[in-house]
Amino acid sequence: MKYTQLGRTGLQVSRLVLGTMNFGPQTNEADSHAIMDAAIGAGINFFDTANVYGWGENKGRTEEIIGTWFAQGGGRRDKVVLATKVYGNMGGDGDVWPNHHKLSALNIRRAVDASLKRLQTDHIDLYQFHHIDRLTPVEEIWQAIDVLIQQGKILYAGSSNFPGWKIAQTNETARRLGSYGLVSEQCLYNLAERRAEMEVIPAAQEYGLGVIPWSPLHGGLLGGVIKKEAEGGRRASGRSADALANSQMREKVQAYEDLLDKHGLEPGEAALAWLLTRPGVTGPIVGPRTADQLASALRAVQLELGDEVLASLDEIFPGPGPSPEAFAW
């Protein structure tokens, strides 16, 4: 495994991030524990989750599964840089009670204590805002975060799904208040979805935030989906199916699969390896449902994409270009 610093911090994290969203809804507790053991065994030390994972009536279930894994001991907690998130409503479906979601100081205090209990730990290494809160003043958010840092309940704060301007506003406010500010941004970023290159990633680099891409395979779109369908395998669904419904995107994905087949490369591994070449990227989040999927992701860390392949990938999936040139000139 290879490691890097998380943004401007002194924290060393693995170039792959273990995403846990499938733990509970799609992967049972025993298999989830086995995947986490395999991840640690392979050198992955950065685990990402969220308080709402488990979904529906089972929100919090994923954190509970991680907590029972920590409780097995063996240095598991000490080896992990643990990241979770706050924002979503933790009530049942349709049960939105005031102050049980978003980023008020009250909800942040309530949510972090609940996550710590489920995770069976005394601190969270990276506490991330899952979405922007358009109603809560940024000053209030930092006041709440600074209290948690002083209490030792969290060490760093990060963002997720923030636009570039919000990263700037949030960290400029932190600077004015004497707070450390955001150290990471978790955003949708992959070969098929490169809009983050216009504003989000440049803002993250300017303010010293590590970029943690989620959905690196765009919901399976970049994992060889057309070939798998032709061979009678798992059909595209969700984001991947929506993208393939567009004939132009389907042509791009076919060209992508043909290119990688020509070079003897596995599509999913190549998509992850491409992200590891991108400026500002700390490491993509991989969310394996099985041990085999984790093994495939691990191979991407050692995969070196040649200049010809990288140039061809840019031709198939061109980026938006820098801002403001991409839209102004």
Side-chain angles (χ1 to χ4, degrees), residues 1-20 39-40 43-50 66 70 75-87 103 108 112 115-116 119 121-130 132 138 141-164 166-187 189 196 200-214 216 275-286 301:
M1 181 52 59
K2 298 177 182 178
Y3 299 89
T4 189
Q5 304 299 118
L6 179 62
R8 65 185 184 280
T9 75
L11 193 64
Q12 285 198 322
V13 294
S14 49
R15 293 301 313 272
L16 287 183
V17 184
L18 181 68
T20 62
I40 285 291
I44 295 177
N45 76 333
F46 198 3
F47 288 17
D48 177 74
T49 190
I66 297 170
F70 284 150
R76 285 173 170 82
R77 178 64 187 96
D78 289 340
K79 293 176 180 178
V80 170
V81 175
L82 176 63
T84 191
K85 308 182 195 73
V86 57
Y87 180 86
L103 302 178
I108 287 175
V112 76
S115 284
L116 289 170
L119 290 163
T121 185
D122 63 355
H123 75 283
I124 293 161
D125 299 301
L126 177 64
Y127 202 47
Q128 303 162 107
F129 311 131
H130 213 159
I132 66 170
V138 180
I141 295 170
W142 282 125
Q143 177 266 330
I145 291 299
D146 286 345
V147 168
L148 295 180
I149 291 173
Q150 291 163 8
Q151 292 174 337
K153 294 181 179 180
I154 69 171
L155 300 182
Y156 304 96
S159 58
S160 181
N161 306 308
F162 272 35
K166 193 65 176 180
I167 291 173
Q169 180 200 47
T170 303
N171 267 24
E172 287 297 334
T173 303
R175 180 179 297 171
R176 176 166 52 82
L177 297 173
S179 301
Y180 194 56
L182 301 171
V183 303
S184 63
E185 161 59 19
Q186 189 176 133
C187 59
Y189 183 39
V200 174
I201 293 174
Q205 290 181 284
E206 181 70 22
Y207 285 97
L209 279 64
V211 176
I212 309 169
W214 61 266
L275 277 170
L276 291 171
T277 70
R278 304 307 300 166
V281 169
T282 298
I285 298 173
V286 296
V301 178

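Keep in mind the model is a prediction, meaning the values are calculated, not measured.
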- [ ] Test Asp122 against Leu116 for side chain to side chain contact (heavy atoms under 4.5 Å, CB included), laying out the working first.
- [x] CA-CA 6 Å; Asp122 63 355; Leu116 289 170; 5.8 Å; no
Open item on the list: For a side chain to side chain contact (heavy atoms under 4.5 Å, CB included) check, start with the C-alpha distance between Ile124 and Lys153, then their side-chain angles and the critical distance, and finish with the verdict.
Closed with: CA-CA 6 Å; Ile124 293 161; Lys153 294 181 179 180; over 6 Å; no
- [ ] Start with the C-alpha gap between Gln186 and Ile285, add the side-chain angles, then the distance that decides, and say whether side chain to side chain contact (heavy atoms under 4.5 Å, CB included) holds.
- [x] CA-CA 9 Å; Gln186 189 176 133; Ile285 298 173; 3.2 Å; yes
TODO: Go through Leu155 and Ile149 one step at a time and tell me if the side chain to side chain contact (heavy atoms under 4.5 Å, CB included) criterion holds.
DONE: CA-CA 6 Å; Leu155 300 182; Ile149 291 173; over 6 Å; no
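A distance-only check finds no donor-acceptor pair linking the side chain of Thr173 to the backbone of Val138 [under 3.5 Å]. Here the side chain of Gln5 pairs a donor or acceptor atom with the backbone of Gly10 at under 3.5 angstrom. Remark: side-chain polar atoms of Trp214 are not paired, donor with acceptor, to backbone N or O of Val286 under 3.5 angstrom. Listed for the Thr9 side chain is a donor-acceptor partner under 3.5 Å among the backbone atoms of Leu6. Side-chain atoms of Asn161 come within 3.5 Å of backbone atoms of His130 as a donor-acceptor pair (strictly under, hydrogens ignored). Formation of a donor-acceptor pair under 3.5 Å by the Tyr127 side chain with backbone atoms of Val112 is found in this model. A donor-acceptor distance shorter than 3.5 angstrom exists from the side chain of Asn45 to the backbone of Ser14, with no hydrogens or angles considered. Judged by distance alone, the side chain of Asn171 and the main-chain N or O of Ala204 form no donor-acceptor pair under 3.5 Å.
Annotation: side chain of Ser179 is not in contact with side chain of Ile145 (no heavy-atom distance under 4.5 Å). Residues Arg8 and Val183 form a side-chain contact, since some pair of their non-hydrogen atoms from C-beta on lies under 4.5 Å apart. Side-chain contact between Tyr156 and Leu182: absent, with no pair of heavy atoms (C-beta onward) separated by less than 4.5 Å.
Screening residues 169-181 for salt bridge (Lys or Arg N to Asp or Glu O under 4.0 Å), with sequence neighbours left out, gives Glu139-Arg176, Glu172-Arg175.
Donor-acceptor pairing under 3.5 Å is recorded for the side chains of Glu185 and Ser159. Donor-acceptor pairing under 3.5 Å is recorded for the side chains of Tyr189 and Arg278.
Once rounded to the nearest 0.5 Å, the distance linking OG1 of Thr4 with CG of Leu276 reads 10.0 Å. Going from atom SG of Cys187 over to atom CD1 of Ile201 covers 5.0 Å, rounded to the nearest 0.5 Å. Of the inter-residue distances, the one linking Gln143 atom CD with Ile108 atom CD1 reads 9.0 Å to the nearest 0.5 angstrom.
Leu126 and Ser184 make their closest contact through CD2-OG, 3.4 Å (heavy atoms, listed as atom of the first residue, atom of the second, distance). What you find for Leu16 and Ile44 is that their closest heavy atoms are O-CG2, 3.6 Å. Summarising the geometry of Phe70 relative to Leu119, their closest heavy-atom pair is CD1-O, 3.3 Å, with the distance given to 0.1 Å. Nearest heavy-atom pair, Ile132 versus Pro163, reported as atom, atom and distance to 0.1 Å: CG2-CD, 3.8 Å. Scanning both residues, Thr170 and Trp142, for their nearest heavy atoms gives O-NE1, 3.0 Å. Between Pro213 and Gly283, the closest heavy-atom pair is CD-O, 3.3 Å.
Ring orientation note: the planes of Phe129 and Phe162 are close to parallel, at an angle under 30° on the 30°/60° scale.
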Donor-acceptor contacts, no H, no angles, side chain residues 77-86, under 3.5 Å, sequence neighbours left out:
from: Arg77; atom 1: NE; to: Thr121; atom 2: OG1; distance (Å): 2.9
from: Arg77; atom 1: NH1; to: Val80; atom 2: O; distance (Å): 2.9
from: Arg77; atom 1: NH1; to: Asp125; atom 2: OD2; distance (Å): 3.2
from: Arg77; atom 1: NH2; to: His123; atom 2: O; distance (Å): 2.9
from: Arg77; atom 1: NH2; to: His123; atom 2: NE2; distance (Å): 3.2
from: Arg77; atom 1: NH2; to: Asp125; atom 2: OD2; distance (Å): 3.1
from: Thr84; atom 1: OG1; to: Glu63; atom 2: OE2; distance (Å): 2.6
from: Lys85; atom 1: NZ; to: Asp48; atom 2: OD1; distance (Å): 3.3
from: Lys85; atom 1: NZ; to: Asp48; atom 2: OD2; distance (Å): 2.8
from: Lys85; atom 1: NZ; to: Thr49; atom 2: O; distance (Å): 2.9
from: Lys85; atom 1: NZ; to: Tyr53; atom 2: OH; distance (Å): 3.2

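Applying the side chain to side chain donor-acceptor pair (under 3.5 Å) rule to Arg15 yields no partners; only residues at least two apart in sequence or on another chain are considered.
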